[in-house]
Amino acid sequence: MALTALAACASPDGTIGPFAPSGVPRDSGAIDGMVVGNRMMAAGEYDLALRAYLRAAGEQGATAEVLTAMGSANLKLGRLGQAEGLLRRAVRTDAEYVPGLNNLGVVLMEKGEIPEAARVFRAAVAADSGESDAIRANLALALARLDQTTPKDNLEASFTLLRGGGATYRIQSTDRDVRPRD
């Protein structure tokens with residue numbers, strides 16, 4: 001019985017002593033929090049993805065990539081305020097980080113802040129050198145919204161987020177004109 005109790009106090013290197021183990025060794029083979037978070041996002045498990053991204057932030061620090069991932073998870077959870085704050089931090093951390101710029105634009109579109117969203121999408125296209133079709137499509141949608149002459153009362157705005165490659169999202173408009181037809 002005494003042997004069993006001491007076995008629980010074995011250190012990671014296998015030695016037995018009176019003290020509890022010091023913890024999990026750094027090279028424990030644990031999967032990177034970003035990898036786990038990305039897999040959870042792809043599976044639609046946004047709460048779990050956010051937890052994994054928080055773990056990644058603890059391991060890697062608050063990089064633009066980690067902040068963008070956390071903002072994207074909050075966006076999918078419908079937490080627009082939290083998503084916006086995290087994405088703005090990501091853009092402050094790295095003003096050229098394209099996924100952060102794009103996803104901030106998506107949040108601003110969701111919030112109805114079309115002029116700022118268009119400005120942010122322009123910055124994303126410039127940082128990306130116009131190579132991403134999804135980001136160019138987001139900019140085109142924002143610019144179309146700016147140019148719309150239909151009064152807000154007659155237009156019911158709705159967007160759908162479509163996951164692109166990596167941590168990038170594309171907006172798809174599902175607007176319906178609700179004016180009475182003659």
In Å, rounded to the nearest 0.5 Å, how long is the span from [atom1] of [X] to [atom2] of [Y]?
X      : Y      : atom1 : atom2 : value
Glu113 : Leu104 : CD    : CG    : 9.0 Å
Asp128 : Tyr97  : CG    : OH    : 12.0 Å
Leu54  : Glu59  : CG    : CD    : 11.0 Å
Leu139 : Ser132 : CG    : OG    : 11.0 Å
Leu86  : Asn74  : CG    : CG    : 5.5 Å
Tyr53  : Glu65  : OH    : CD    : 9.0 Å

Taking the side chain as every heavy atom from C-beta outward, state whether [X] and [Y] have any pair of such atoms under 4.5 Å apart.
X      : Y      : answer
Thr93  : Thr63  : no
Phe121 : Arg136 : no
Met109 : Asn138 : no
Leu143 : Arg122 : yes
Pro115 : Leu146 : yes
Tyr46  : Met40  : no

For [X] and [Y], which heavy atoms make the closest approach, and how far apart are they?
X      : Y      : value
Ala69  : Met34  : CB-CE, 3.8 Å
Leu108 : Ala117 : CB-CB, 3.7 Å
Gly37  : Ala49  : O-CB, 3.4 Å
Leu101 : Ala127 : CD1-CB, 4.1 Å
Ala124 : Ile135 : CB-CG2, 3.8 Å
Gly71  : Ala83  : O-CB, 3.3 Å

So Leu87 and Leu67, side-chain contact (heavy atoms from CB on, under 4.5 Å) or not? Walk me through it. CA-CA 6 Å; Leu87 292 166; Leu67 291 168; over 6 Å; no
If you draw a 6.0 Å radius around CZ in Arg55, do more than 12 non-hydrogen atoms from other residues or ligands fall strictly inside? yes
Neighbour count >12 (heavy atoms, 6.0 Å) for atom CZ, Arg79: yes
Check against side-chain contact (heavy atoms from CB on, under 4.5 Å), Gln148 and Ile114: CA-CA 11 Å; Gln148 262 181 354; Ile114 309 304; over 6 Å; no
Report the C-alpha separation of Ser72 and Asn103 in whole Å, then their side-chain angles, then the decisive distance to 0.1 Å, and conclude whether the side chain to side chain donor-acceptor pair (under 3.5 Å) test is met. CA-CA 7 Å; Ser72 300; Asn103 292 354; 2.8 Å; yes
Which is it for Glu116 and Arg88 under the salt bridge (Lys or Arg N to Asp or Glu O under 4.0 Å) test, yes or no, and what are the steps along the way? CA-CA 12 Å; Glu116 187 178 4; Arg88 286 190 186 279; 2.9 Å; yes
